[in-house]
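Down below is the structure, laid out as structure tokens.
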Amino acid sequence: MSLLVVGSVAFDEVETPFGKCDKMLGGSGSHFSISASYFTDVSLVAVVGGDFGPDEQKVFDDHGINTNDLERISEGQTFRWRGRYEYDLNVAHTLDTQLNVVADFKPKLSESAKQSRLVFLGNIQPDLQREVREQVPNAELVALDTMNLWIDITREALQRTIEVVDVMIINDAEARQLTGIPNLIKAAHKILSWGPRALVVKRGEYGAALVTSDTYFAIPAYPLESVFDPTGAGDTFAGGFMGYLASQEKLDDAAMRRAMIFGSVMASFNVEEFGTERVRRLTPAEINQRFSAFKPMKHSEEIPFRRKR
Ligand code: AMP
């Protein structure tokens, strides 16, 4: 087993200034696994209700995502999230969250899932994330994502989970909220002092940074003229980042830097259409083309500065 993800599988209702969608497949586990499936074998641990039908299952099947550990509660309803974005697409406004079957979820990992080399603890309640982490003690790299809700209501549990992961993936506002430190670099170093060896700070349309205790690497977001729906961009980024790492033998700093670009590439496709629509029908050529487009964005000639007078 290569890459394991635990997260939410949801039906999302989303409104942006450019359109509205009443019911689409979403959730951290869905966005992540579809994105990562372009790079590696992915196994999804999550729970769904009786309203999760063959059409939704087909999306996972079409991407070769292993759903043996996707629990089905036929008499329950799938998790639902309703959100809205204003013109500042970096900020999601949660209008309603219905936990439904997630309220009693106890993640159970099959024996093969416990052998996963990489693990992504997607956005769900932090105690559940830690339960999964404890069932995969030999994983080579475990990454974690979260959201403002868990920082608000389960901060201590979240900190205990942060202590047992290798990489934390977080957005800038959450890093500030979690630490109470306004300066992003200081906030990042604070989180690193709790345990992770690397922090990925997502900054929406401004790109993302990889911070360790002694290095800093930043990339821009792919410059798009039209952004339609940012829902799931963070999870899609994480899917590209972790999926690419899972395809590599060495998980060193150089691999992490390339993974940052693949994360950004996948997220840039995600925002072009509603939900998972665009990422579902990508081709490897499209992914490679966008990866190559990052090179000139990061390059400039080294011309030494000379004093004018
Ligand atoms: P992102 O835009 O990548 O931060 O994630 C958006 C996804 O997170 C949506 O598809 C939602 O279904 C999902 N989501 C929203 N709130 C929660 C929550 N409390 N727990 C788990 N997933 C959630």
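Both ligands and their constituent atoms are indexed starting at 1 by order of listing. Computation of the quantities below employed the complete heavy-atom set of this structure, encompassing side-chain atoms and omitting hydrogens, waters and symmetry-equivalent molecules. Nothing here was measured: the structure is a model prediction, and the numbers come from that model.
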**OP:** Answer yes or no: is there a donor N or O on one side and an acceptor on the other, between the side chain of Arg176 and the main chain of Pro182, under 3.5 Å?
**Re:** yes
Subject >> Protein contact of atom 21 (C) of ligand 1 - nearest heavy atom, named by residue and atom, plus distance >> reply: Asn123 O, 2.9 Å
Original post:
With a 4.5 Å limit on heavy-atom distance, are the side chains of His31 and Thr276 in contact?
Top reply: yes
Subject >> Per-atom contacts of ligand 1 with Leu149, taking only distances under 4.0 Å to non-hydrogen atoms >> reply: 19 (N)
Original post:
Which atoms from ligand 1 have a heavy atom of Trp150 less than 4.0 Å away?
Top reply: 19 (N), 20 (N)
**OP:** Look at ligand 1 and say whether Phe11 reaches it with a heavy atom at a distance under 4.0 Å.
**Re:** no
Subject >> Minimum-distance protein heavy atom relative to atom 11 (C) of ligand 1 >> reply: Asp12 OD1, 3.5 Å
**OP:** State the atoms of ligand 1, each with its element, that fall below the 4.0 Å cut-off from a heavy-atom position in His31.
**Re:** 10 (O)
**OP:** Could you tell me whether some N/O pair between Thr231 and ligand 1 is separated by less than 3.5 angstrom?
**Re:** no
Subject >> Heavy-atom gap Met147 to ligand 1 smaller than 4.0 Å >> reply: yes
**OP:** Please identify which atoms of ligand 1 are closer than 4.0 Å to at least one heavy atom of Ala10.
**Re:** 12 (O)
Original post:
Does some non-hydrogen atom of Phe237 fall short of 4.0 Å from ligand 1?
Top reply: no
Subject >> Closest heavy-atom pair and its distance - Glu174, Met147 >> reply: OE2-CA, 3.4 Å
Original post:
In terms of atom number and element, which parts of ligand 1 are under 4.0 angstrom from non-hydrogen atoms of Gly26?
Top reply: 10 (O)
Original post:
Of Gln125, Glu131, Arg130, Glu156, which is the lone residue that meets side-chain hydrogen bond (donor to acceptor under 3.5 Å, both in side chains) with Thr161?
Top reply: Arg130
**OP:** If you have a sec, work out which protein heavy atom is nearest atom 6 (C) of ligand 1 and how many Å separate them, to one decimal?
**Re:** Gly232 N, 3.6 Å
Original post:
Once you round to the nearest 0.5 Å, how far does CG of Asn90 lie from OH of Tyr206?
Top reply: 6.0 Å
**OP:** Could you tell me if any non-hydrogen atom of Ala233 lies under 4.0 Å from any atom of ligand 1?
**Re:** yes
Original post:
ligand 1 and Ile124, any nitrogen or oxygen pair closer than 3.5 angstrom?
Top reply: no
Original post:
Pick one: which of Tyr38, Phe39, Phe241 meets ring-ring contact (aromatic ring centres under 6.0 Å, His included) with Phe262?
Top reply: Phe39
Subject >> Gly53 backbone acceptor or donor facing Glu56 side chain under 3.5 Å >> reply: yes
**OP:** Kindly indicate, with the supporting measurements, whether the criterion salt bridge (Lys or Arg N to Asp or Glu O under 4.0 Å) is fulfilled by Glu111 and Lys114.
**Re:** CA-CA 5 Å; Glu111 282 312 309; Lys114 289 180 186 168; 3.2 Å; yes
Original post:
With only distance considered, is Gly234 within less than 3.5 Å of ligand 1 through an N or O on each side?
Top reply: yes
Original post:
Does the Ser264 side chain pair with the main chain of Met260, one donor and one acceptor, at a distance under 3.5 Å?
Top reply: no
**OP:** Please report which non-hydrogen protein atom sits nearest to atom 22 (N) of ligand 1, along with the residue it belongs to and the distance in Å to one decimal place.
**Re:** Ser8 OG, 2.8 Å
Original post:
Nearest heavy-atom pair of Gln129 and Gly122: which atoms, and what distance?
Top reply: NE2-O, 2.7 Å
**OP:** Would you mind checking which non-hydrogen protein atom is closest to atom 3 (O) of ligand 1, with the distance to 0.1 Å?
**Re:** Asp235 OD2, 2.8 Å
Original post:
For residues Thr16 and Asp229, is any side-chain donor paired with an opposing acceptor at under 3.5 Å?
Top reply: no
